[in-house]
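Before any comments, here is the structure.
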Amino acid sequence: MTVDLLIRDAYLYIDRDWEVANGWLAIRNGRVHAIGDRAGDAPAARTVISARGRLVTPGLVNAHHHMYQNLTRAYAPVTNGTLFEWLKGLYPLWAGLDEEAVYLSTCVAMVELLMGGCTTSMDHMYVHPRPFLIDAQFRAARDVGFRFHATRGSMTRSVEDGGLPPASVVQDEDTILADSERLVAAFHDPAPGAMGRVALAPCSLFSVSERIMTESARLAEKHDLRLHTHLAEDPDEDAYCAEIYGCTPTEYFERVGWASPRSWVAHYIYPTGDEIDRLAHAGVCTAQCPCSNMMIGGGTADAMDMRRRGMRVGLGCDGSASTDHASMWLETRMAMLLGRFRHGPHAMSARDALDMATRGGAACLGWEDEIGHLRLGACADLVIWSMSEVAAAGALSDPVEAWLRCAPAVAGTTIVNGKVLVADGVPLLANLGDILRDHAREARRIQRLDG
Ligand SMILES: [Zn+2]
């Protein structure tokens, strides 16, 4: 049988506890079809790529992002603000978002993610000054060829109600719930190998009403969806919850019915050990965002401690306005450095970090059966990594450790659903130049740099 694509001469990281030196991997109909370590056993293929001894891993899975924020990257007036300060500084600009701006920013985000070795991403889209913005994101995902887990984010609480954002970017409860139902009907594909799914994602405990939290949990149950929100990201959130709800963020999260295997949360920096144990036991997963946390400087989750307590932990690059890049390789490296910085050199290996970036992210998205590994039958989402010969010189004994320790690795070839989307480090999207030009125009408009 002739397969669609054969990758040979590779160091294959298939999954934790399964690596093949000098192996081959065959792809057929968008799935991993066969794996071997003897060149003579490899099937005939329509396309053959020699990895020339380079590391091949599953595509990394991004478990937390805000793609639209690349329209306000490194925005000078707020670069040195606290989380709440930069949110308050940027919300008025984000009120300018429309379908065109969201389409372009999503295309840019997805191409950037592909170049950093990510093949599936969620997006937490919670600013809705105009309708149909997530529809525009699905158009972008289709045009790029990216596997996309959208989340219908929401905010109901504006400055007038004690929240942070201006009234122009919040919505009433009925509008949010009706649009959630509409998006699920239009875009959520529960079938195996789906290229698009939808989850529900109120922005944070301090930006939505209790009814949105409870009704989102109910809708998720009804349609079998994932649930996502920011949780315990900042000490200001503790103070807010104590004052408004009379409890901690985790206690409130439990009270509104979110402590379930459907849920994954971003950050989760300030829980107690007992609270981590409770959510781990309930099956809640966490997305750690190392660079964002360090950029904001407000602390970071102890990922290895969470893993020891039985919680699944993925990684996220978070919104560009806080992190300003979307390389999941960089997030994976930073996760490893954070773990070792906190607990010493025995605390965390490159394989631990890679497991978080693959299996951990897939667990967050509830998609571990098909992505985050390259076992037979998995989605054919994978990366052939590239590093300069200079940076890799002398790294001979462990390709996985070398991948994360030596200087920047980028995706040489990125494959999603069996299709090559980045080749020799270059994105293959035909109209990328036009998209970047139009993105620059929209970024200037949103940042009010014109006129
Ligand atoms: Zn976030």
Side-chain angles (χ1 to χ4, degrees), residues 61-75 78 81-91 93-94 97 102 105-106 109 112-113 118 121-128 133-134 137 149-155 157 163-165 169-170 199-208 216 226-237 240 249 253 258 263-271 284-301 303 313-328 330-331 334-335 360-361 364-365:
V61 179
N62 184 18
H64 189 67
H65 201 3
H66 311 286
M67 296 180 179
Y68 72 88
Q69 293 180 2
N70 62 30
L71 292 157
T72 51
R73 275 205 248 234
Y75 181 64
V78 295
T82 64
L83 173 66
F84 278 25
E85 284 166 354
W86 71 250
L87 280 174
K88 284 190 227 172
L90 288 166
Y91 275 134
L93 304 190
W94 296 337
L97 287 174
V102 169
S105 58
T106 303
E112 186 179 10
L113 286 164
C118 171
S121 182
M122 64 82 76
D123 190 53
H124 195 177
M125 181 68 209
Y126 61 86
V127 179
H128 295 274
L133 300 185
I134 292 177
Q137 293 199 284
H149 202 141
T151 76
R152 206 306 177 181
S154 53
M155 296 191 289
R157 211 167 266 169
L164 297 175
V169 299
V170 307
L200 304 181
C203 181
S204 63
L205 307 185
F206 53 85
S207 59
V208 298
S216 296
R226 306 289 296 165
L227 285 167
H228 182 63
T229 192
H230 296 97
L231 186 65
E233 180 179 2
D234 195 281
D236 286 348
E237 189 178 335
Y240 185 93
F253 185 86
W258 274 55
S263 300
W264 90 101
V265 298
H267 304 302
Y268 208 38
I269 299 169
Y270 296 102
V284 177
C285 304
T286 290
Q288 187 196 37
C289 305
C291 291
S292 169
N293 293 165
M294 285 189 278
M295 193 69 86
I296 293 169
T300 188
V313 185
L315 294 175
C317 64
D318 206 357
S320 306
S322 56
T323 324
D324 297 312
H325 76 93
S327 161
M328 284 299 292
L330 187 53
E331 294 297 341
M334 288 301 174
C364 286
L365 302 188

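Both counts, for ligands and for their atoms, begin at 1 and track the order of listing. Numbering starts at 1 and runs along the sequence shown.
In His230, the N, O or S atom that comes nearest to the Zn ion (ligand 1) is NE2. In Asp318, the N, O or S atom that comes nearest to the Zn ion (ligand 1) is OD1.
Summarising the geometry of Ala232 relative to Glu237, their closest heavy-atom pair is N-OE2, 2.9 Å, with the distance given to 0.1 Å.
In this structure, a donor-acceptor pair under 3.5 Å is absent between the side chains of His325 and Glu112.
Coordination check, His66 versus the Zn ion (ligand 1): passed, since an N/O/S atom of the residue sits under 2.8 Å. For His267, every N, O or S atom stays at 2.8 Å or more from the Zn ion (ligand 1).
Among the candidates Thr229, Asp234, Asn293, the single residue satisfying the side-chain hydrogen bond (donor to acceptor under 3.5 Å, both in side chains) test with His267 is Asn293.
Ring geometry for His66 against His64 counts as perpendicular: the plane angle is over 60°, on a 0 to 90° scale with 30° as the lower cut.
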